[in-house]
Amino acid sequence: QVELVESGGGLVQAGGSLRLSCVASGIGAGIIFNINTMNWYRQAPGKERELVAVIGNGGYTSYADSVKGRFTISRDNDKNTVVHLQMNSLKPEDTAVYYCNADRVATNRGVVQDPWGQGTQVTVSS
């Protein structure tokens, strides 16, 4: 019913920047009314998935300690259907697959819980 698609990953040198985007859309005749919270997670090889940043209704934001001051999460609209993750001062330890996730998506066909995107690779070279 709902699809999340990430974009913007790639290869960058340490100290560089990347901007990830996530677009949430309904599949077929599905229409998204609102998303409570959009999250960015990342998973590095051999490590558990890690919550990186959160943006919620009202625009509140939260970040993992490891990215505070370097990453910024933002949104294009109040429905949270388009969010971005601006990543500055990138470090090799930021290398991971970055995933977009929504907690609760209200649609014309009901509520969709916990959809995930397919992920986008971010590689930071030293």
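In this text the structure is predicted, and so the values were computed from the model without any measurement. Hydrogens, waters and symmetry mates play no part in the numbers below; they use all other heavy atoms, side chains included.
Residues Val105 and Val111 have side chains not in contact (no heavy-atom distance under 4.5 Å, counting atoms from C-beta outward). Residues Asn34 and Asn57 are in side-chain contact: their nearest non-hydrogen atoms beyond the backbone lie under 4.5 Å apart. Contact check for Ile31 versus Thr107: no side-chain heavy atoms found under the 4.5 Å cut-off. Within the 4.5 Å cutoff, the side chain of Cys100 has no heavy atoms near those of the Asn39 side chain. Side-chain contact between Val83 and Trp40 is present, with at least one heavy-atom pair separated by less than 4.5 Å.
Contact detail for Gly119 and Val97: the closest heavy-atom pair is CA-CG1, 3.8 Å. Residues Ala14 and Ser126 come closest through the heavy atom pair CB-CA, 4.4 Å. Taking both residues in full, the closest heavy atoms of Gly56 and Arg75 are given as O-NH1, 3.6 Å, listed atom of the first, atom of the second, then distance. Between Ala29 and Arg109, the closest heavy-atom pair is CB-NH2, 3.2 Å.
Residue pairs meeting the side-chain hydrogen bond (donor to acceptor under 3.5 Å, both in side chains) criterion with at least one member in residues 7-18, sequence neighbours excluded, are Ser17-Asn88.
Considering NZ of Lys47 and CZ of Arg42, their distance stands at 8.0 Å, rounded to 0.5 Å. Here Leu90 contributes atom CG and Arg70 contributes atom CZ; the two are 6.5 Å apart, rounded to the nearest 0.5 Å. Rounding to the nearest 0.5 angstrom, the gap separating the CD1 atom in Ile27 from the CD1 atom in Ile32 is 9.0 Å. How far CE of Met38 is from CD1 of Ile55: 9.5 Å, rounded to the nearest 0.5 Å. We find the OH-CZ distance between Tyr98 and Phe71 to be 4.0 Å, quoted to the nearest 0.5 Å. Annotation: the span from Asn80 atom CG to Cys22 atom SG amounts to 10.5 Å, rounded to 0.5 Å.
Checked against the 6.0 Å centroid criterion, the rings of Trp116 and Tyr41 qualify as a close aromatic pair.
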Using the salt bridge (Lys or Arg N to Asp or Glu O under 4.0 Å) rule, take Asp65 and Lys68 through it: C-alpha gap first, then chi angles, then the decisive distance, then the call. CA-CA 5 Å; Asp65 287 343; Lys68 279 182 182 176; 3.1 Å; yes
Intermediate values then yes/no, side chain to side chain donor-acceptor pair (under 3.5 Å), Asn101 and Asp114: CA-CA 7 Å; Asn101 160 256; Asp114 200 31; 2.8 Å; yes
For the pair Thr72 and Tyr63, evaluate side chain to side chain contact (heavy atoms under 4.5 Å, CB included) and give the outcome as yes or no after the intermediate values. CA-CA 8 Å; Thr72 302; Tyr63 299 92; 3.8 Å; yes
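If you run side-chain contact (heavy atoms from CB on, under 4.5 Å) between Met87 and each of Leu18, Val124, Val12, only Leu18 comes through. Considering Ile73, Thr37, Asp103 in turn, Thr37 is the only one that fulfils the side-chain contact (heavy atoms from CB on, under 4.5 Å) rule with Val54.
Side chain of Glu6 to backbone of Gln118: a donor-acceptor contact under 3.5 angstrom is found.
A single hydrophobic cluster is not seen to contain both Tyr60 and Ile35; linkage of ILVMFWY side chains at heavy-atom distances under 4.5 Å, directly or through other members, places them apart.
Counted by atom type alone, Ser21 and His84 present one or more donor-acceptor pairs between their side chains at under 3.5 Å. With hydrogens and angles left out, the side-chain atoms of Thr95 and Glu93 include no donor and acceptor closer than 3.5 Å.
When hydrophobic side chains of Ile, Leu, Val, Met, Phe, Trp and Tyr are connected at separations under 4.5 Å, Val82 ends up clustered with Val23.
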